[in-house]
There are 4 protein chains.
Amino acid sequence: MSPLNRQQQLDQIRDERREQIKQAALKMFARRGYTGTKTSMIAKEASISEGLIYRYFNSKEELFITLVQELMEEARSELENVGYLPGTPFEQIRTLTKHMLDEDNMHAFMLMERARTAEDVPEKVTQIFEGVSTNVLIEPIIPIFVKGQESGEFSPGEPRRMLSWYFTIINSLLTQDEIDEEYGLPDVDVLIRILTN
Amino acid sequence: MSPLNRQQQLDQIRDERREQIKQAALKMFARRGYTGTKTSMIAKEASISEGLIYRYFNSKEELFITLVQELMEEARSELENVGYLPGTPFEQIRTLTKHMLDEDNMHAFMLMERARTAEDVPEKVTQIFEGVSTNVLIEPIIPIFVKGQESGEFSPGEPRRMLSWYFTIINSLLTQDEIDEEYGLPDVDVLIRILTN
Amino acid sequence: MSPLNRQQQLDQIRDERREQIKQAALKMFARRGYTGTKTSMIAKEASISEGLIYRYFNSKEELFITLVQELMEEARSELENVGYLPGTPFEQIRTLTKHMLDEDNMHAFMLMERARTAEDVPEKVTQIFEGVSTNVLIEPIIPIFVKGQESGEFSPGEPRRMLSWYFTIINSLLTQDEIDEEYGLPDVDVLIRILTN
Amino acid sequence: MSPLNRQQQLDQIRDERREQIKQAALKMFARRGYTGTKTSMIAKEASISEGLIYRYFNSKEELFITLVQELMEEARSELENVGYLPGTPFEQIRTLTKHMLDEDNMHAFMLMERARTAEDVPEKVTQIFEGVSTNVLIEPIIPIFVKGQESGEFSPGEPRRMLSWYFTIINSLLTQDEIDEEYGLPDVDVLIRILTN
DNA sequence: TATGAATGAGTGTTCATTCAT
DNA sequence: GATGAATGAACACTCATTCAT
């Protein structure tokens with residue numbers, strides 16, 4: 001194996017480890033919040049030693065901030081792509097909603113939700129959310145919603161306000177975890193009534 | 001002052017102090033969660049010394065559990081009284097919703113919501129919520145909802161499921177704090193659309 | 001009642017209270033040691049409020065030191081009077097031994113013993129015992145013992161050493177409390193064998 | 001180094017560290033009692049950080065209880081082996097006595113003595129001593145003593161009572177530390193007079 | 001004088017972070 | 001790069017002492 005390949009291999013290990021830690025941290029932070037998550041839990045969840053985290057992240061705080069930033073970026077990108085989804089405006093927003101409530105994405109949205117509403121997070125995280133409020137994220141959805149209002153799919157009402165409220169609800173549902181064992185989370189079709197009258 | 005009055009006076013001080021600590025703790029736990037709240041913060045919020053907390057509660061854990069239990073009891077009692085509110089079923093549930101989202105009751109519902117969904121709380125709190133699920137609390141509202149369906153105020157659908165989802169949404173909104181400064185929490189009339197189609 | 005009597009009455013109350021506190025403290029310190037005794041325990045034992053102790057003693061430390069000093073003085077005085085007890089030297093030392101092991105004096109000797117051997121006591125108490133070693137206290141007993149050796153009641157051996165050892169044993173027995181419920185503390189006649197061969 | 005060796009090495013470090021903490025704790029508890037010993041003192045004595053104690057013991061209380069239990073077990077075992085010591089019954093008991101008063105074993109016996117007589121120890125320690133009273137420990141010594149009585153080495157008297165008193169005295173001497181600098185602890189031959197008349 | 005609520009320095013314990021291997 | 005033992009600052013809690021009544 002050439003030295004170059006050797007280096008590539010090491011880089012790959014590093015990338016995988018880093019991802020592994022972030023996944024474990026995501027799960028724990030989502031469930032237990034920032035203060036409630038011990039670095040030892042993250043290590044255990046990632047099946048690595050406690051010390052190793054610090055070869056990939058400078059601190060628990062940095063790990064948390066990194067997660068939040070990357071998740072925000074992902075979320076922003078997804079919202080920007082809603083317009084390219086197939087179907088009518090109603091179907092596009094319905095798909096987005098489904099996606100947000102999907103079990104696979106849950107932890108990500110849960111973490112962001114907790115990071116946004118709890119006050120025991122690093123100052124910098126608070127700043128991130130102050131800078132990028134829901135309103136900014138909503139921006140690319142507004143024209144879609146307006147088109148839906150024009151076609152009669154959505155009820156009338158100030159678009160930005162209606163969407164802000166709608167996503168506030170969707171977001172807040174994400175912290176629910178799996179509590180109500182009988183009925184689970186509300187059905188997408190029930191939720192979207194908020195926009196359809 | 002007679003000995004009796006002296007004792008009464010002391011009892012009153014104790015009651016007031018206890019209430020003062022509970023209010024401060026409620027506020028902090030609601031905002032920052034169980035682990036994220038330091039006892040020193042509670043003391044500062046209550047404007048007392050750190051040690052004094054322990055003349056009224058045996059531990060941070062006991063204080064938290066006490067709060068959750070008492071708030072649960074209050075919530076249960078309020079839900080049981082909805083049937084005696086004035087107006088039609090629709091108006092009764094609208095009033096209840098308004099009440100839950102009211103700023104004065106917010107902290108209480110926020111705390112319960114966080115206590116229910118976060119996993120960094122004392123074991124006993126988890127047990128309380130396992131014992132008294134949302135479904136039990138919903139019980140007294142079901143007949144009201146059914147009456148509303150019969151009169152056409154509410155849309156058809158399995159009552160218990162519809163209400164479970166509805167209150168899941170209301171509850172989850174409570175952790176929002178006052179984040180979206182532009183529009184605040186969704187309007188009651190938008191929320192109740194979930195039940196009215 | 002004249003002002004003078006009034007004052008005398010108050011003085012008497014003060015004296016009684018002080019004595020009451022010292023008795024309670026003696027009991028607790030003897031049983032639980034200096035660090036192991038909380039001022040609240042002393043107050044409870046004396047059936048007074050926690051604050052009152054501080055109107056009679058400046059601190060827990062001062063209370064402890066006062067006790068030790070007074071008990072030392074008493075002990076010294078008793079040892080000096082052994083020569084005036086009735087009977088032969090053997091009988092005099094036997095009476096002294098009995099007295100030291102007597103239930104009524106136990107707490108006093110226990111406290112002194114613990115104060116002397118434990119290292120968690122105030123510096124000043126250590127100094128008191130360094131200044132007044134057992135050897136000094138033993139002084140007035142030596143001529144009595146020598147007389148007993150001459151009359152054949154006691155076995156030969158360096159008097160000061162024999163007595164030092166003897167009282168070391170008696171003292172150390174005092175910390176025993178009432179542990180061995182079956183046989184209690186050793187009989188005086190068994191103990192005195194140490195001196196009689 | 002093979003993985004197996006690596007693990008063995010770690011195990012050895014853990015064992016050594018644990019022993020080191022127990023030795024330091026033994027020394028401090030023996031001298032200053034349970035309440036009088038601060039965990040910081042144990043750490044300092046063991047030349048480790050305060051936090052490290054808690055990787056080896058769950059609490060100060062557990063550390064104390066562990067010590068007492070292990071020392072009790074050792075003591076029991078030693079007493080059971082007295083019959084196998086060389087020499088006559090007198091010589092066997094003389095050897096045991098010497099052993100108990102030996103400087104190296106002193107701390108162990110001192111700690112047990114204080115643990116048994118002071119009332120500021122954890123409930124569980126009190127229970128241990130209630131369960132295993134001195135009388136039980138004495139059991140294996142009784143036949144030895146009886147043999148000595150028969151051969152005339154020991155004076156007559158109810159064996160169990162004589163031994164109970166004898167060991168009460170030996171035990172109580174152990175709390176003496178090294179106070180009487182001039183003569184030290186009583187000579188074994190003086191002590192054993194208690195049994196020989 | 002007497003009470004007990006209140007304080008805060010100090011103690012036991014936890015946990016993010018470092019470091020020897 | 002990986003481990004887990006070790007550290008120490010921070011936190012929960014205790015208790016001697018003070019103070020308003």
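Values below: all heavy atoms of this structure, side chains included; hydrogens, waters and symmetry mates excluded.
To the nearest angstrom, P of dA16(E) lies 15 Å from CD1 of Ile21(A). Spacing between atom NZ of Lys38(B) and atom P of dC15(E) amounts to 9 Å, rounded to whole angstrom units. Look at CD1 on Ile48(A): it is 14 Å from P on dA16(E), rounded to the nearest Å. Taking atom CE of residue Met28(A) and atom P of nucleotide dA16(E), one finds them 12 Å apart after rounding to whole Å. Atom CE in Met41(D) sits about 15 Å away from atom P in dT13(E), given to the nearest Å. Atom P of nucleotide dT7(F) and atom NZ of Lys44(D) are separated by 15 Å, given to the nearest angstrom. Whole-Å rounding puts the Gln8(D) CD to dT3(F) P distance at 19 Å. The CZ-P distance, from Phe57(C) to dT17(F), rounds to 13 Å in whole Å.
Between Arg18(A) and Phe57(A), the closest side-chain pair of non-hydrogen atoms falls below 4.5 Å.
No option in Asp120(D), Thr35(D), Val121(D) other than Asp120(D) meets the side chain to side chain contact (heavy atoms under 4.5 Å, CB included) test with Arg32(C).
Each of Glu50(B) and Tyr54(D) was assigned the nucleotide of DNA chain E with the nearest heavy atom; the assignment lying further toward the 5' end belongs to Glu50(B). Residue Ser59(B) is the one, among Gly51(C) and Ser59(B), whose nearest nucleotide of DNA chain F lies closer to the 5' end (criterion: closest heavy atom). Judged by closest nucleotide on DNA chain F, Leu52(D) is the one of Glu61(B) and Leu52(D) placed further toward the 5' end. Comparing Leu10(B) and Thr35(A) along DNA chain E, the residue whose closest nucleotide (by nearest heavy atom) sits nearer the 5' end is Leu10(B).
Where DNA chain F pairs in unbroken runs of 3 or more (Watson-Crick or G-U, both distances under 3.5 Å), the stems are E:2-21 with F:2-21.
Glu73(A) and Gln69(A) form no side-chain donor-acceptor contact under 3.5 Å, judged by distance and modelled atom types alone. Looking only at atom types and distance, the side chain of Gln8(D) has no donor-acceptor partner in the side chain of Gln12(D) under 3.5 Å away.
Of the candidates dG4(E), dA5(F), dA6(E), dA6(E) carries the atom nearest the Ile13(B) side chain, counting heavy atoms from C-beta on.
Between Arg14(C) and dT1(E) there is a side-chain polar atom (N or O) within less than 4.0 angstrom of OP1 or OP2. Between Tyr56(C) and dA2(E) there is a side-chain N or O to OP1 or OP2 distance below 4.0 Å. The side chain of Thr39(A) places no N or O atom within less than 4.0 Å of a non-bridging phosphate oxygen (OP1 or OP2) of dC15(E). When the side-chain nitrogen and oxygen atoms of Arg55(D) are compared with OP1 and OP2 of dT14(E), none of them lie within a distance under 4.0 Å. Listed pair Ser49(C) / dA2(E) fails the phosphate criterion, with no side-chain N or O lying under 4.0 Å from OP1 or OP2. Contact between the side-chain N/O atoms of Lys60(B) and the OP1/OP2 oxygens of dA12(F) is found at a separation under 4.0 Å.
Checking side-chain atoms of Thr37(C) against main-chain N and O of Met28(C) turns up a donor-acceptor pair under 3.5 Å.
Separating the NZ atom in Lys124(D) from the CD atom in Gln127(D) is a distance of 8.0 Å, to the nearest 0.5 Å.
The side chain to side chain donor-acceptor pair (under 3.5 Å) contacts involving residues 48-68 of chain A comprise Asn58(A)-Glu62(A), where partners must be two or more places apart or lie in separate chains.
Note on Ser47(A): nothing from the nucleic acid sits closer than 4.0 angstrom, heavy atoms only. Across all strands, Ile53(A) comes closer than 4.0 Å to no nucleic acid atom at all (heavy-atom distances).
Between Phe29(D) and Phe64(D), the two ring planes are perpendicular [angle over 60°; tilted spans 30° to 60°].
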